[in-house]
Amino acid sequence: MTEPVYDKKDQFKQIESGLLEGEQIIAVYDAVGVGTGFIGLTTRRVIIQDKSFMGKRFAITSIPYSKISSVSVVSNKSFVGQYFSTGNIAITVGTHVYEVEFRGSEKTHHVHNVILHYTS
């Protein structure tokens, strides 16, 4: 397995501290926008930090790949047809959709492809 990729060392360490036996980190990407702090991808699950709670509270949500029913790349196009510098991923688990926005479409496509790999 290749070395994990990440945007911020503290986010990587937070994911690393909660790994299960035999689980490995694939990537940890910082998110932009209101609510989400970061997304982590491991060999067993997707981990999302949700900062949308009141006060200084937040949640770390673990989603086993087996519970994901779909994953979508949500892209914005400007009126002249060029892509913006951010990209979104939508992960459907049951009736809930988790949406995470990234800086750069490369991260969006990497997250999409990793999730597809582990859910297929």
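One-based numbering along the sequence shown.
- Between the CD1 atom in Ile89 and the NE2 atom in His109 there is a gap of 8.0 Å [rounded to 0.5 Å].
- The CD atom of Glu99 lies 10.0 Å from the OG1 atom of Thr92; values are rounded to the nearest 0.5 Å.
- Each of Gln49, Gln11, Lys107 was evaluated against Asp30; a single residue qualifies, Gln11, per the side chain to side chain donor-acceptor pair (under 3.5 Å) test.
- Considering CG of Leu20 and OG1 of Thr42, their distance stands at 7.5 Å, rounded to 0.5 Å.
- By the 4.5 Å heavy-atom criterion applied to side chains, Leu116 and Tyr65 are not counted as neighbours.
- Scanning both residues, Ser62 and Arg45, for their nearest heavy atoms gives OG-NH1, 2.8 Å.
- Remark: the backbone N or O of Val74 is not paired with any side-chain donor or acceptor of Ser72 at under 3.5 angstrom.
- Side-chain contact between Thr61 and Tyr98 is present, with heavy atoms from C-beta onward closer than 4.5 Å.
- Between Ile15 and Gly40 the shortest heavy-atom distance is CD1-CA, 4.3 Å.
- Ion pairing of Asp7 with Arg103 is absent here, as no side-chain N (NZ or NE/NH1/NH2) approaches a carboxylate O to less than 4.0 Å.
- Between His110 and Tyr29, the angle of the ring planes goes over 60°, which puts this pair in the perpendicular group of the 30/60° scheme.
- Going from atom CD of Glu23 over to atom CD of Glu16 covers 11.5 Å, rounded to the nearest 0.5 Å.
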Going through the distances and angles, do Val73 and Asn88 end up as a side-chain contact (heavy atoms from CB on, under 4.5 Å)?
CA-CA 6 Å; Val73 172; Asn88 293 37; over 6 Å; no
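- Once rounded to the nearest 0.5 Å, the distance linking CD1 of Ile39 with CD1 of Ile115 reads 5.0 Å.
- Separation of atoms CD1 (Ile47) and CG (Leu19) is listed at 6.5 Å; rounding is to 0.5 Å.
- Considering all non-hydrogen atoms of both residues, Phe38 and Ile60 come closest at CZ-CD1, 4.2 Å.
- Heavy-atom minimum distance, Ala90 versus Val97: CB-CG1, 3.9 Å.
- At a threshold of 4.5 Å between side-chain heavy atoms, the hydrophobic network of Ile, Leu, Val, Met, Phe, Trp and Tyr places Val5 and Val46 in one connected group.
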